[in-house]
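Step one of this worksheet: look at the structure below.
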Amino acid sequence: MATPPTTTIVPFASLPACAKNCGPLYDANGACVPPVNPSTDQSNWESCFCAYSKLQPLKSGPNDVCNGMCSADAQGLPGIQSWFTSFCNNKAAATTTVTSATGSNTPGSGNSGKSSQGGGGWASTHVNWIVFIVVVVVAIIGIWTGACIWRRKYLKKKDRLYELGKGLPSTVAVNTQGHLVGSDARDSTISNGPGLFMSGPGVAGPEQPEKRRNGRR
């Protein structure tokens, strides 16, 4: 009788007695647990055990995988085969359930579900940014337009004041209201006359004596 391994997958105590002499069961157990299999995951051990090549005939029936060790026990191989198929089928079902749950919770699948439910694309998730950009563009256009209009008015007014100020003494200028300012602005020849920019009535000269015509030459 072989000595059971330290880490066991096979429940030898609950199987027919001949299982303790079945070499392939020990081979599969030893190949799938530490130290041969460095994994510390018991699920990995069990998957390895169910996939062990020497035990695959048990999946199709009570075939003699124990090399005649159970020939004296009519229920030996059927008992081992029943446990093996039940154990591996449960393992396969558990693995499928875990895989399905993991797949349904992946970030990609969750995001795609939300996207399909929301029915929107990039624009629907960035509405605030789009509105902000539109407001900034409109504000820039408005400021630029206002600046252009103000500059045109400023230049036009500046040109008008320049034309009004031509011919004035250096001590006299025209302010923004069109009035004369400066130290000589109150000079009567500048401020009291008809103005440099207005046409006044003509000044009559001294009256000439009327020449009388007579018959004398």
Side-chain angles (χ1 to χ4, degrees), residues 1-140:
M1 180 181 297
T3 302
T6 304
T7 304
T8 58
I9 298 173
V10 183
F12 290 102
S14 61
L15 292 178
C18 68
K20 296 179 181 179
N21 297 321
C22 185
L25 289 178
Y26 286 93
D27 293 342
N29 194 109
C32 294
V33 297
V36 178
N37 183 358
S39 175
T40 58
D41 184 5
Q42 185 175 353
S43 178
N44 180 275
W45 303 344
E46 294 171 354
S47 298
C48 172
F49 179 84
C50 291
Y52 193 73
S53 60
K54 292 182 180 181
L55 300 182
Q56 297 310 299
L58 291 175
K59 292 183 178 181
S60 59
N63 297 299
D64 188 7
V65 296
C66 296
N67 301 320
M69 292 298 176
C70 292
S71 59
D73 186 355
Q75 299 300 320
L77 287 175
I80 294 172
Q81 190 264 342
S82 176
W83 167 82
F84 180 81
T85 54
S86 176
F87 175 80
C88 292
N89 287 341
N90 290 337
K91 173 62 182 174
T95 303
T96 301
T97 302
V98 171
T99 303
S100 300
T102 303
S104 63
N105 292 329
T106 55
S109 60
N111 291 338
S112 61
K114 291 180 181 179
S115 297
S116 60
Q117 293 176 2
W122 181 89
S124 63
T125 58
H126 295 78
V127 175
N128 293 337
W129 280 105
I130 294 174
V131 172
F132 174 75
I133 292 172
V134 170
V135 170
V136 170
V137 171
V138 172
I140 291 174

Return each pair, listed once, that meets side chain to side chain donor-acceptor pair (under 3.5 Å) where at least one residue sits in residues 62-72; pairs must be two or more places apart or across chains.
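The answer is Ser60-Asn63.
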[X] side, atom [atom1]; [Y] side, atom [atom2] - distance, nearest 0.5 Å:
X	Y	atom1	atom2	answer
Leu58	Leu25	CG	CG	7.5 Å
Leu55	Thr85	CG	OG1	12.0 Å
Cys48	Asn29	SG	CG	9.5 Å

Cys66-Cys18 sulfur separation below 2.5 Å?
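The sulfur gammas are not closer than 2.5 Å, so no.
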Of the non-hydrogen atoms in [X] and [Y], which two are nearest, and what is the gap between them?
X	Y	answer
Leu15	Gly79	CD2-O, 4.4 Å
Cys32	Asn37	O-ND2, 3.1 Å
Ser53	Pro57	O-CD, 4.0 Å

Using ring centroids (six-membered ring only for Trp), state whether Tyr52 and Phe84 fall under 6.0 Å.
no
Ignoring hydrogens and geometry, is there a side-chain-to-backbone donor-acceptor pair from [X] to [Y] under 3.5 Å?
X	Y	answer
Gln81	Gly76	no
Tyr26	Lys20	yes
Trp45	Ser39	yes

Partner residues of Trp83 under the ring-ring contact (aromatic ring centres under 6.0 Å, His included) criterion, sequence neighbours left out
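ring-ring contact (aromatic ring centres under 6.0 Å, His included) check on Trp83 returns Phe49, Phe87.
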Please determine whether disulfide bond (SG atoms under 2.5 Å apart) holds for the pair Cys70 and Cys22, giving the CA-CA distance in whole Å, both sets of side-chain angles, and the decisive distance to 0.1 Å.
CA-CA 8 Å; Cys70 292; Cys22 185; 5.9 Å; no
Using a cut-off of 6.0 Å, state whether more than 12 heavy atoms not belonging to Gln56 lie near its atom CD.
yes
Salt bridge (Lys or Arg N to Asp or Glu O under 4.0 Å) against Asp27, all qualifying residues, sequence neighbours excluded:
Lys54
